[in-house]
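First the structure, in the form of structure tokens, and then the observations on it.
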Amino acid sequence: MAGPDLIRTVLYTMNNLLQQQKYKAALAVVKGFRNGAVYGAKIRAPHALVMTFLFRSGSLKDKLRAILKATYTHSRNLACFVFTYKGLQALQQKIQGKSLQSHSFLAACVGGWLVFGDNNNINSQINMYLLSRILFALSRLAVEKGFIPAPKQDPFPLFATLVWGIVLWLFEYYPHTLQPSLQSSMNYLYHDSNVWHDISDFLVYNKPRTAGSQK
């Protein structure tokens with residue numbers, strides 16, 4: 001009977017602690033770490049699974065190891081960033097007695113430098129993803145604040161035209177400047193489709209199956 005009673009006591013104590021307002025800032029940092037870890041794993045695992053089995057060669061063990069490594073790295077980095085960002089934000093607010101816009105910017109800058117400043121494939125993908133989002137957001141903000149006039153027509157068709165024109169020009173003539181995963185995707189779409197030997201690698205497979213894979 002001691003076991004269930006002990007569990008109930010522990011749960012009551014923890015729930016009581018979670019309701020204490022004086023600990024809210026610190027607890028929010030801890031939950032932010034938890035949410036960062038979970039969200040990082042949820043969005044990286046399926047992406048890594050698809051990209052690895054589509055484009056990566058090697059044994060099943062090697063592929064699973066690559067998936068787990070990518071998922072762990074993304075999950076860890078996002079958790080550490082959220083922890084750092086929320087912790088520094090709470091610290092600045094406590095020191096100055098109020099919340100300022102600069103707190104968010106400075107806390108994120110420090111977290112970005114510490115966590116996402118390491119130049120690796122995972123961080124590169126995340127940083128480039130965010131760059132595209134903030135360019136859109138800053139454009140909208142510039143219009144909202146009156147720094148630039150609102151467009152009379154939807155600028156999205158022009159945006160799409162330039163994006164696809166530039167990326168394919170870079171891919172065809174300067175592919176080394178593009179991220180490896182983007183190069184792999186574009187090779188599959190635009191270069192692998194130039195090569196076939198018979199109906200099997202024209203419609204069924206992308207490349208001829210080797211003798212070993214047919215066994």
Side-chain angles (χ1 to χ4, degrees), residues 28 31-32 35-36 38-51 54-55 70 73-75 77-90 92-93 96 98-194 206:
K31 185 171 183 182
N35 284 6
V38 171
Y39 187 77
K42 285 173 68 175
I43 63 175
R44 175 56 59 173
H47 176 270
L49 178 69
V50 172
M51 296 301 290
L54 274 179
F55 301 115
T73 302
H74 195 147
S75 178
N77 287 5
L78 197 54
C80 290
F81 176 82
V82 176
F83 183 89
T84 303
Y85 170 73
K86 292 182 68 69
L88 291 177
Q89 203 175 26
Q92 291 177 96
Q93 184 174 348
Q96 295 192 280
K98 58 182 178 179
S99 180
L100 302 173
Q101 289 190 25
S102 60
H103 293 170
S104 177
F105 179 76
L106 292 174
C109 282
V110 173
W113 179 68
L114 291 174
V115 178
F116 291 112
D118 184 24
N119 190 3
N120 57 53
N121 290 338
I122 302 298
N123 286 349
S124 179
Q125 290 174 0
I126 295 172
N127 289 337
M128 286 192 291
Y129 172 87
L130 290 177
L131 176 61
S132 66
R133 275 20 182 206
I134 65 174
L135 289 176
F136 263 91
L138 289 173
S139 299
R140 294 189 180 107
L141 185 61
V143 172
E144 182 182 307
K145 297 294 185 180
F147 297 135
I148 60 175
K152 295 180 180 180
Q153 296 180 334
D154 184 5
F156 195 83
L158 176 60
F159 163 75
T161 300
L162 292 175
V163 165
W164 284 97
I166 292 171
V167 75
L168 265 300
W169 168 68
L170 288 172
F171 170 68
E172 295 291 359
Y173 297 101
Y174 305 97
H176 63 280
T177 62
L178 298 175
Q179 192 189 32
S181 62
L182 181 56
Q183 290 183 47
S184 296
S185 299
M186 290 194 157
N187 272 320
Y188 182 86
L189 292 169
Y190 305 113
H191 286 179
D192 289 358
S193 55
N194 292 332
N206 178 44

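Sequential numbering from 1 along the given sequence is applied to the chain's residues. Since the structure is predicted, the reported quantities are computational estimates derived from the model, not experimental observations.
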Interatomic distance, Ser181 atom OG to Met186 atom CE [nearest 0.5 angstrom] | 10.5 Å

Considering non-hydrogen atoms only, spot the tightest contact between Asp118 and Asn123 and give its length.
-> O-ND2, 2.8 Å

Determine whether Val110 and Leu106 make a side-chain contact, defined as any pair of heavy atoms from C-beta on separated by less than 4.5 Å.
-> no

Going by atom types only, do Gln96 and His103 share a side-chain donor-acceptor pair under 3.5 Å?
-> yes

To the nearest 0.5 Å, atom CG of Leu141 lies from atom CD1 of Ile148 at 9.5 Å

Could you tell me which non-hydrogen atom of Gln179 sits nearest to which non-hydrogen atom of Ser124, and how far apart they are?
-> NE2-OG, 3.6 Å

Given the options Val167, Thr161, Ile166, Leu162, Trp164 meets side chain to side chain contact (heavy atoms under 4.5 Å, CB included) only with Val167

Kindly check if the number of other-residue, nucleotide or ligand heavy atoms within 6.0 Å of CG (Asn119) is above 12?
-> no

Validation row: His191, Glu172 side chains within 4.5 angstrom (heavy atoms) = yes

For the student: nearest non-hydrogen atoms of Ser102 and Gln92, plus distance = O-OE1, 4.4 Å

Considering only heavy atoms from C-beta outward, does the side chain of Gln125 approach that of His47 to under 4.5 Å?
-> yes

Taking the six-membered ring of Phe136 as reference, does the NZ or CZ atom of Arg140 fall below 6.0 Å from its centre and within a 45° cone about the axis?
-> no

Distance (rounded to the nearest 0.5 Å) between Leu182 CG and Asn187 CG = 9.5 Å

Residue pair Pro151 / Val143: nearest heavy atoms and the distance that separates them = CD-CG2, 4.4 Å

Look up atom CD1 in Ile43 and atom OH in Tyr129, then write down how far apart they are to the nearest 0.5 Å.
-> 7.5 Å

What distance do Leu88 atom CG and Ser104 atom OG have between them, rounded to the nearest 0.5 Å?
-> 11.0 Å

Determine whether Ile122 and Arg44 make a side-chain contact, defined as any pair of heavy atoms from C-beta on separated by less than 4.5 Å.
-> yes

Looking only at heavy atoms, which two atoms of Ala107 and Gln89 are closest? And how far apart?
-> CB-N, 3.9 Å

Please indicate whether Phe83 has more than 12 foreign heavy atoms, meaning atoms of other residues, nucleotides or ligands, lying under 6.0 Å from its CZ.
-> no

Could you tell me the separation between the CE atom of Met51 and the CG atom of Asn121, rounded to the nearest 0.5 Å?
-> 11.0 Å

Pick one: which of Tyr39, Phe116, Trp113 meets ring-ring contact (aromatic ring centres under 6.0 Å, His included) with Phe81?
-> Phe116

For Gln183 against Leu178, the heavy-atom pair lying closest together | NE2-O, 2.7 Å

Does the side chain of Cys109 come within less than 4.5 Å of Phe105's, by heavy atoms?
-> yes

